[in-house]
> 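Dropping the structure in here first, questions after.
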Amino acid sequence: GVDEALGAAGYVTLLGSPGDSPERQQRVLASLMEHAPAGIILSPAEGSDGISLGQVLGVHVPVLVFNREPSHVRWSASHWDYLALDNRRGTALATRHLQERGHRRIAFFGGHAESSSCRDRRRGYAEAMRSAGIEPEPGWLVETAPTRLDAAARTASLFATKQAPTAAVCYNDAVALGLMLGLGGRGLAAGHDFAVTGFDDIPEAAVSTPALTTLATDPRARGRQAAERILERVRRPDIGAVRGIAPVRLIIRASSEATL
(Lines give C-alpha, C1' and ligand atoms only; values in the text may rest on other atoms or scores of the structure.)
Protein backbone atom coordinates (compact mmCIF):
# COMPACT_ATOMS: atom_id res chain seq x y z
CA GLY A 1 0.00 0.00 0.00
CA VAL A 2 2.77 2.47 0.89
CA ASP A 3 4.82 1.76 -2.22
CA GLU A 4 1.78 1.92 -4.52
CA ALA A 5 0.58 5.27 -3.19
CA LEU A 6 4.01 6.87 -3.15
CA GLY A 7 4.94 5.48 -6.54
CA ALA A 8 1.75 6.85 -8.08
CA ALA A 9 2.74 10.28 -6.75
CA GLY A 10 6.23 10.02 -8.27
CA TYR A 11 8.17 9.09 -5.14
CA VAL A 12 10.58 6.21 -4.50
CA THR A 13 10.34 4.28 -1.23
CA LEU A 14 13.54 3.72 0.76
CA LEU A 15 13.27 0.94 3.34
CA GLY A 16 15.21 0.64 6.59
CA SER A 17 14.94 -2.28 9.02
CA PRO A 18 16.13 -1.72 12.61
CA GLY A 19 15.37 -5.28 13.75
CA ASP A 20 13.38 -3.91 16.73
CA SER A 21 16.56 -2.39 18.20
CA PRO A 22 16.36 1.30 19.21
CA GLU A 23 20.12 1.68 18.79
CA ARG A 24 20.13 0.23 15.29
CA GLN A 25 17.03 2.30 14.52
CA GLN A 26 18.97 5.49 15.27
CA ARG A 27 21.72 4.44 12.87
CA VAL A 28 19.27 3.44 10.13
CA LEU A 29 17.36 6.71 10.43
CA ALA A 30 20.57 8.74 10.40
CA SER A 31 21.56 7.00 7.18
CA LEU A 32 18.13 7.60 5.61
CA MET A 33 18.23 11.26 6.60
CA GLU A 34 21.43 11.66 4.56
CA HIS A 35 19.24 11.14 1.47
CA ALA A 36 17.05 14.16 2.37
CA PRO A 37 13.76 12.23 2.36
CA ALA A 38 10.50 14.03 1.63
CA GLY A 39 8.90 12.22 4.56
CA ILE A 40 9.32 9.37 7.04
CA ILE A 41 6.83 6.62 7.97
CA LEU A 42 8.15 5.04 11.16
CA SER A 43 7.02 1.92 12.96
CA PRO A 44 9.22 2.42 16.03
CA ALA A 45 11.35 -0.26 17.58
CA GLU A 46 10.16 -1.40 20.99
CA GLY A 47 11.69 0.85 23.66
CA SER A 48 12.11 3.83 21.31
CA ASP A 49 12.74 7.19 22.94
CA GLY A 50 11.05 10.22 21.39
CA ILE A 51 13.82 12.60 22.39
CA SER A 52 16.47 10.51 20.66
CA LEU A 53 14.27 10.11 17.59
CA GLY A 54 13.68 13.86 17.46
CA GLN A 55 17.40 14.50 17.50
CA VAL A 56 17.96 12.41 14.37
CA LEU A 57 14.74 13.31 12.53
CA GLY A 58 14.81 17.05 13.15
CA VAL A 59 11.76 19.27 12.70
CA HIS A 60 11.59 19.87 8.96
CA VAL A 61 10.71 16.42 7.58
CA PRO A 62 7.10 15.19 7.88
CA VAL A 63 6.96 12.11 10.11
CA LEU A 64 4.15 9.61 10.63
CA VAL A 65 4.53 7.21 13.55
CA PHE A 66 2.65 3.94 13.17
CA ASN A 67 1.02 1.90 15.96
CA ARG A 68 3.70 2.12 18.66
CA GLU A 69 4.26 5.28 20.68
CA PRO A 70 7.85 6.20 21.59
CA SER A 71 8.35 7.37 25.16
CA HIS A 72 8.82 11.06 26.07
CA VAL A 73 6.71 12.47 23.23
CA ARG A 74 4.39 15.38 24.04
CA TRP A 75 1.86 14.62 21.34
CA SER A 76 -0.09 17.82 21.96
CA ALA A 77 2.99 19.79 20.90
CA SER A 78 4.47 17.32 18.42
CA HIS A 79 4.65 17.86 14.66
CA TRP A 80 4.54 14.08 14.12
CA ASP A 81 1.37 12.40 12.88
CA TYR A 82 0.32 9.19 14.63
CA LEU A 83 -1.70 6.32 13.16
CA ALA A 84 -2.59 3.34 15.35
CA LEU A 85 -4.67 0.23 15.00
CA ASP A 86 -7.70 0.04 17.27
CA ASN A 87 -5.77 -2.25 19.60
CA ARG A 88 -8.06 -1.75 22.57
CA ARG A 89 -11.30 -2.52 20.74
CA GLY A 90 -9.68 -5.44 18.94
CA THR A 91 -8.72 -7.38 22.05
CA ALA A 92 -12.06 -6.50 23.64
CA LEU A 93 -13.79 -8.11 20.64
CA ALA A 94 -11.59 -11.21 20.93
CA THR A 95 -12.18 -11.48 24.68
CA ARG A 96 -15.96 -11.15 24.33
CA HIS A 97 -15.90 -13.78 21.58
CA LEU A 98 -14.20 -16.23 23.96
CA GLN A 99 -16.64 -15.34 26.72
CA GLU A 100 -19.49 -16.13 24.35
CA ARG A 101 -17.92 -19.58 23.90
CA GLY A 102 -18.28 -20.07 27.67
CA HIS A 103 -14.76 -19.17 28.79
CA ARG A 104 -14.20 -17.20 31.99
CA ARG A 105 -10.56 -17.99 32.74
CA ILE A 106 -9.02 -16.16 29.79
CA ALA A 107 -5.34 -15.18 29.64
CA PHE A 108 -3.64 -12.35 27.82
CA PHE A 109 -0.53 -13.96 26.40
CA GLY A 110 2.53 -12.31 24.88
CA GLY A 111 4.07 -8.95 24.20
CA HIS A 112 5.95 -6.66 26.57
CA ALA A 113 3.82 -4.62 28.96
CA GLU A 114 5.87 -1.44 28.44
CA SER A 115 5.07 -1.40 24.70
CA SER A 116 2.22 1.04 23.95
CA SER A 117 0.50 -1.40 21.59
CA CYS A 118 0.69 -4.15 24.22
CA ARG A 119 -0.64 -1.80 26.90
CA ASP A 120 -3.61 -0.91 24.70
CA ARG A 121 -4.32 -4.55 23.85
CA ARG A 122 -4.09 -5.56 27.50
CA ARG A 123 -6.44 -2.71 28.41
CA GLY A 124 -9.10 -3.85 25.94
CA TYR A 125 -8.85 -7.40 27.28
CA ALA A 126 -9.06 -6.28 30.91
CA GLU A 127 -12.04 -4.02 30.25
CA ALA A 128 -13.94 -6.85 28.56
CA MET A 129 -13.13 -9.19 31.43
CA ARG A 130 -14.29 -6.72 34.07
CA SER A 131 -17.42 -5.89 32.09
CA ALA A 132 -18.26 -9.60 32.45
CA GLY A 133 -17.60 -9.45 36.21
CA ILE A 134 -14.26 -11.23 36.01
CA GLU A 135 -11.07 -9.87 37.56
CA PRO A 136 -8.05 -11.23 35.63
CA GLU A 137 -5.68 -13.26 37.78
CA PRO A 138 -2.04 -12.08 37.79
CA GLY A 139 -1.01 -15.46 36.41
CA TRP A 140 -3.20 -14.91 33.36
CA LEU A 141 -1.01 -12.03 32.18
CA VAL A 142 2.08 -13.57 30.62
CA GLU A 143 4.79 -11.54 28.89
CA THR A 144 6.81 -12.95 26.01
CA ALA A 145 8.81 -11.56 23.15
CA PRO A 146 6.39 -11.07 20.23
CA THR A 147 7.76 -14.17 18.49
CA ARG A 148 6.69 -17.74 17.90
CA LEU A 149 9.72 -19.30 19.59
CA ASP A 150 9.46 -17.37 22.85
CA ALA A 151 5.71 -17.89 23.00
CA ALA A 152 6.13 -21.64 22.61
CA ALA A 153 8.80 -21.65 25.32
CA ARG A 154 6.58 -19.70 27.74
CA THR A 155 3.44 -21.81 27.29
CA ALA A 156 3.97 -23.76 30.51
CA SER A 157 3.64 -20.57 32.56
CA LEU A 158 -0.06 -20.46 31.69
CA PHE A 159 -0.59 -23.67 33.64
CA ALA A 160 1.47 -22.78 36.73
CA THR A 161 -1.57 -21.80 38.85
CA LYS A 162 -4.59 -23.73 40.14
CA GLN A 163 -6.89 -21.41 38.20
CA ALA A 164 -5.28 -22.19 34.85
CA PRO A 165 -6.90 -20.44 31.88
CA THR A 166 -8.93 -22.30 29.27
CA ALA A 167 -8.37 -19.71 26.55
CA ALA A 168 -5.94 -16.96 25.59
CA VAL A 169 -6.10 -13.67 23.76
CA CYS A 170 -2.63 -13.38 22.22
CA TYR A 171 -0.67 -10.20 21.56
CA ASN A 172 -0.21 -11.05 17.88
CA ASP A 173 -0.45 -13.92 15.42
CA ALA A 174 3.18 -14.98 15.85
CA VAL A 175 2.59 -15.37 19.59
CA ALA A 176 -0.67 -17.25 18.96
CA LEU A 177 1.01 -19.69 16.55
CA GLY A 178 3.81 -20.21 19.07
CA LEU A 179 1.27 -20.87 21.82
CA MET A 180 -0.46 -23.45 19.61
CA LEU A 181 2.91 -25.21 19.21
CA GLY A 182 3.46 -25.08 22.97
CA LEU A 183 0.00 -26.49 23.63
CA GLY A 184 0.72 -29.35 21.24
CA GLY A 185 3.86 -30.13 23.23
CA ARG A 186 1.67 -30.53 26.31
CA GLY A 187 -0.75 -32.84 24.52
CA LEU A 188 -3.41 -30.13 24.13
CA ALA A 189 -5.03 -29.19 20.84
CA ALA A 190 -5.82 -25.55 20.13
CA GLY A 191 -9.48 -25.21 19.16
CA HIS A 192 -10.37 -28.43 20.96
CA ASP A 193 -8.82 -28.34 24.44
CA PHE A 194 -7.89 -24.66 24.59
CA ALA A 195 -9.15 -21.62 22.66
CA VAL A 196 -6.68 -19.20 21.05
CA THR A 197 -7.00 -15.86 19.27
CA GLY A 198 -4.32 -13.73 17.57
CA PHE A 199 -3.98 -10.24 16.19
CA ASP A 200 -2.91 -9.06 12.68
CA ASP A 201 -4.31 -11.76 10.36
CA ILE A 202 -0.97 -12.58 8.78
CA PRO A 203 -1.24 -14.86 5.69
CA GLU A 204 -0.32 -17.96 7.70
CA ALA A 205 -3.25 -17.44 10.08
CA ALA A 206 -5.79 -18.74 7.55
CA VAL A 207 -3.81 -21.89 6.71
CA SER A 208 -2.41 -22.90 10.11
CA THR A 209 -3.71 -26.04 11.79
CA PRO A 210 -6.15 -25.17 13.20
CA ALA A 211 -6.85 -21.94 11.31
CA LEU A 212 -6.34 -18.99 13.64
CA THR A 213 -9.08 -16.70 14.91
CA THR A 214 -7.60 -13.22 14.76
CA LEU A 215 -8.10 -9.49 14.24
CA ALA A 216 -7.71 -8.37 10.63
CA THR A 217 -5.88 -5.06 10.27
CA ASP A 218 -5.85 -4.64 6.45
CA PRO A 219 -2.15 -3.70 6.24
CA ARG A 220 -2.36 -2.69 2.58
CA ALA A 221 -5.05 -0.12 3.36
CA ARG A 222 -3.13 1.09 6.41
CA GLY A 223 0.00 1.54 4.28
CA ARG A 224 -1.97 3.50 1.72
CA GLN A 225 -3.50 5.62 4.49
CA ALA A 226 -0.08 6.40 5.96
CA ALA A 227 1.38 7.25 2.55
CA GLU A 228 -1.51 9.54 1.67
CA ARG A 229 -1.10 11.40 4.95
CA ILE A 230 2.63 11.89 4.38
CA LEU A 231 1.94 13.16 0.86
CA GLU A 232 -0.58 15.63 2.27
CA ARG A 233 2.04 16.89 4.73
CA VAL A 234 4.57 17.26 1.91
CA ARG A 235 2.12 19.26 -0.20
CA ARG A 236 0.88 21.35 2.71
CA PRO A 237 3.69 21.66 5.28
CA ASP A 238 1.71 24.22 7.27
CA ILE A 239 -1.07 21.82 8.35
CA GLY A 240 -1.03 20.43 11.88
CA ALA A 241 -0.32 16.89 12.97
CA VAL A 242 -3.21 14.47 13.52
CA ARG A 243 -3.83 11.25 15.44
CA GLY A 244 -5.81 8.50 13.76
CA ILE A 245 -7.20 5.12 14.86
CA ALA A 246 -7.69 2.46 12.17
CA PRO A 247 -10.44 -0.16 12.58
CA VAL A 248 -9.87 -3.90 12.99
CA ARG A 249 -12.20 -6.85 12.29
CA LEU A 250 -12.62 -10.10 14.19
CA ILE A 251 -12.12 -13.11 11.90
CA ILE A 252 -13.48 -16.26 13.56
CA ARG A 253 -11.77 -19.54 12.65
CA ALA A 254 -11.22 -22.96 14.20
CA SER A 255 -8.61 -22.08 16.86
CA SER A 256 -11.30 -20.58 19.12
CA GLU A 257 -13.88 -23.36 18.74
CA ALA A 258 -13.11 -24.91 22.14
CA THR A 259 -16.16 -24.33 24.36
CA LEU A 260 -17.02 -24.79 28.01
Side-chain angles (χ1 to χ4, degrees), residues 87 90-113 115 117-217 248-260:
N87 293 306
T91 49
L93 287 172
T95 304
R96 287 195 291 268
H97 165 65
L98 294 173
Q99 290 167 347
E100 290 166 359
R101 307 290 292 176
H103 297 277
R104 293 183 59 82
R105 300 197 307 273
I106 303 170
F108 186 91
F109 189 72
H112 292 137
S115 161
S117 58
C118 187
R119 283 197 307 270
D120 288 344
R121 293 178 190 186
R122 277 192 173 201
R123 189 174 297 124
Y125 151 83
E127 288 172 351
M129 292 289 279
R130 289 172 183 137
S131 292
I134 307 165
E135 185 62 32
E137 297 280 342
W140 298 350
L141 299 171
V142 178
E143 291 191 51
T144 77
T147 65
R148 190 176 316 200
L149 286 177
D150 199 44
R154 294 280 292 150
T155 298
S157 60
L158 284 174
F159 302 95
T161 65
K162 291 181 180 179
Q163 295 294 316
T166 61
V169 173
C170 293
Y171 170 70
N172 66 12
D173 287 350
V175 166
L177 294 171
L179 174 58
M180 294 193 329
L181 288 173
L183 290 170
R186 297 178 65 85
L188 299 173
H192 184 268
D193 305 304
F194 193 97
V196 178
T197 71
F199 202 118
D200 289 332
D201 196 27
I202 63 175
E204 190 177 348
V207 296
S208 62
T209 304
L212 179 62
T213 294
T214 187
L215 281 307
T217 60
V248 298
R249 293 180 296 111
L250 180 66
I251 306 295
I252 298 173
R253 300 188 179 112
S255 71
S256 61
E257 284 183 353
T259 59
L260 290 180

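Because only heavy atoms are used, hydrogens play no part in the values below, and waters and symmetry mates are left out as well, while side chains stay in.
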> Which atoms form the tightest heavy-atom contact between A254 and P210, and what is the distance?
CB-CB, 3.8 Å
> Would R154 and F109 count as a cation-pi pair here, with the cationic atom under 6.0 angstrom from the ring centre and within 45° of the axis?
no
> Minimum heavy-atom separation for R104 to A132, with atom names?
NH1-O, 3.9 Å
> What I'd like to find out is whether the side chain of S256 reaches to under 4.5 Å of the side chain of R101, using heavy atoms alone.
no
> Closer than 3.5 angstrom, by distance alone: can the side chain of Q99 be matched with the main-chain N or O of A128 as a donor-acceptor pair?
yes
> Can you measure from CG (D120) to OG1 (T91) and round to the nearest 0.5 angstrom?
8.5 Å
> Side-chain atoms of residues 136-153: list all donor-acceptor pairs with protein atoms under 3.5 Å, sequence neighbours left out, distances to 0.1 Å.
from: W140; atom 1: NE1; to: Q163; atom 2: O; distance (Å): 2.7
from: E143; atom 1: OE1; to: A113; atom 2: N; distance (Å): 3.2
from: T147; atom 1: OG1; to: D150; atom 2: N; distance (Å): 3.3
from: R148; atom 1: NH1; to: E204; atom 2: OE2; distance (Å): 3.1
from: R148; atom 1: NH2; to: E204; atom 2: OE1; distance (Å): 2.8
from: D150; atom 1: OD2; to: A145; atom 2: N; distance (Å): 2.7

> Just do the side chain to side chain contact (heavy atoms under 4.5 Å, CB included) check on N172 and R121 with the steps written out, would you?
CA-CA 10 Å; N172 66 12; R121 293 178 190 186; 4.2 Å; yes
> Side chains of T213 and L250: does their closest heavy-atom pair fall under 4.5 Å?
yes
> Quick one, E135 and R130 - any side-chain contact, counting heavy atoms below 4.5 Å?
yes
> Which pair of non-hydrogen atoms, one from A206 and one from A211, has the smallest distance, and what is that distance?
O-CB, 3.7 Å
> Specify the closest pair of heavy atoms between F108 and C118, including all atoms of both residues, with the distance to one decimal.
CE2-SG, 4.1 Å
> Please confirm whether the backbone N or O of A164 pairs with a side-chain atom of R105, one donor and one acceptor, at under 3.5 Å?
yes
> Sequence neighbours left out, cut at 3.5 Å: what donor-acceptor pairs do the side chains of residues 173-185 make with other protein atoms?
from: D173; atom 1: OD1; to: F199; atom 2: N; distance (Å): 2.7
from: D173; atom 1: OD1; to: T214; atom 2: OG1; distance (Å): 2.6
from: D173; atom 1: OD2; to: D201; atom 2: N; distance (Å): 2.7
from: D173; atom 1: OD2; to: I202; atom 2: N; distance (Å): 2.8

> Mind checking the CG-CD1 spacing from L93 to I251? Nearest 0.5 Å is all I need.
11.0 Å
> For a quick test of reading the model, state the closest non-hydrogen atom pair linking I106 to H103 and the distance between them.
CD1-O, 3.7 Å
> Could you measure the distance from the CZ atom of R123 to the CD atom of E127? Nearest 0.5 Å is fine.
7.0 Å
> Please set out all donor-acceptor pairs under 3.5 angstrom arising from side-chain atoms of residues 186-198, sequence neighbours excluded.
from: D193; atom 1: OD2; to: A189; atom 2: N; distance (Å): 2.7

